[in-house]
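Take a look at the structure below.
Fair warning: this is a prediction, and the values are worked out from it, not measured in the lab. Because only heavy atoms are used, hydrogens play no part in the values below, and waters and symmetry mates are left out as well, while side chains stay in.
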Amino acid sequence: MSALFYIFLGMAGAEMSFEEKSAWIMGVVATGSYGVYLAIVLGMAGTMPVAEVPYVAPLLWTIGASIAASIALNILLGIISPKEAGKKDQRDREIYRFGEYIGQSFVVIGGVAALLLAMAEVDHFWIANVIYLTFVLSAILGSVAKIVAYRRGFQPW
């Protein structure tokens, strides 16, 4: 959580671009919201079988909260550093595209996994959770790829 304070205060060692800060926000928010979802669902699973847990409301609330938190934090970031907000150079655009391509691999994996689970006539709980997990992994992997590209360098081919 302290990483968020460093992002907003600009004390993370090296200077961060607005886009790198945004990638940090996406990764932290996605991880946190999925952690909350797991805590809720697994907490309810102590009293009933996990496939029978009422998962729809916690899933929708954590997704909505994740979207709202991401938007709010990006707005706050824009208010704190208005000179950087909205400024993208060619490197930022290429790193963004690179991260999105990397992250989208999990969306494809999730779609295939959900399709296979549906064909096997698995309970909706498992299908929904596989899709949610792969969306979260897509956001995390995309964010990590962007952060690594900013920190370690990026060589477009």
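Residues Met44 and Val56 fall within the same hydrophobic cluster, defined by Ile, Leu, Val, Met, Phe, Trp and Tyr side chains chained together at heavy-atom separations under 4.5 Å. Criterion: ILVMFWY side-chain heavy atoms under 4.5 Å apart, direct or through other members. Under it, Met26 and Ile80 are not part of a common hydrophobic cluster.
Counting heavy atoms from C-beta outward, Trp126 and Val50 have side chains that approach closer than 4.5 Å. The side-chain heavy atoms of Val53 and Met48, taken from C-beta on, include a pair separated by under 4.5 Å. A heavy-atom distance below 4.5 Å is found between the side chains of Phe125 and Val41. Residues Ser17 and Arg91 form no side-chain contact, since every pair of their non-hydrogen atoms from C-beta on lies 4.5 Å or further apart. In this structure the side chain of Tyr34 reaches within 4.5 angstrom of the side chain of Leu133, judged on heavy atoms.
Annotation: the span from Ile147 atom CD1 to Arg151 atom CZ amounts to 8.5 Å, rounded to 0.5 Å. Taking CG from Leu77 and CG from Leu73, the interatomic distance works out to 8.5 Å, rounded to the nearest 0.5 Å. The distance from atom CD1 of Ile95 to atom CD of Glu20, rounded to the nearest 0.5 Å, is 8.0 Å. The distance from atom CD of Glu52 to atom OG1 of Thr47, rounded to the nearest 0.5 Å, is 10.0 Å. Between atom OG1 of residue Thr31 and atom CG of residue Leu137 there is a gap of 9.0 Å, rounded to the nearest 0.5 Å.
Remark: Phe135 CZ is loosely packed, at most 12 non-hydrogen atoms of other residues, nucleotides or ligands lying under 6.0 Å away.
Using a distance-only test at 3.5 Å, with no hydrogens or angles considered, no donor-acceptor pair links the side chain of Ser70 to the main chain of Ile67. Side chain of Ser33 to backbone of Ser66: no donor-acceptor contact under 3.5 angstrom is found. Under a 3.5 Å cut-off, the side chain of Thr134 and the backbone N or O of Val130 do form a donor-acceptor pair. Ser143 places a side-chain N or O within 3.5 Å of a backbone atom of Ala23 that can act as its donor or acceptor partner.
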Kindly list each side-chain donor-acceptor pair under 3.5 angstrom involving residues 96-123, sequence neighbours excluded, with atom names and distances?
unit_1, atom_1, unit_2, atom_2, d
Glu100, OE2, Lys146, NZ, 2.8
Ser105, OG, Ile102, O, 2.7

Check the pair Tyr55, Tyr37 against ring-ring contact (aromatic ring centres under 6.0 Å, His included), reporting the backbone distance first and the verdict last. CA-CA 9 Å; Tyr55 68 93; Tyr37 172 74; 7.7 Å; no
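Closest approach of Gly27 to Ile140, counting heavy atoms only: O-CG1, 4.3 Å. Closest non-hydrogen pair, Ala128 versus Leu59, comes out as O-CD1, 4.4 Å.
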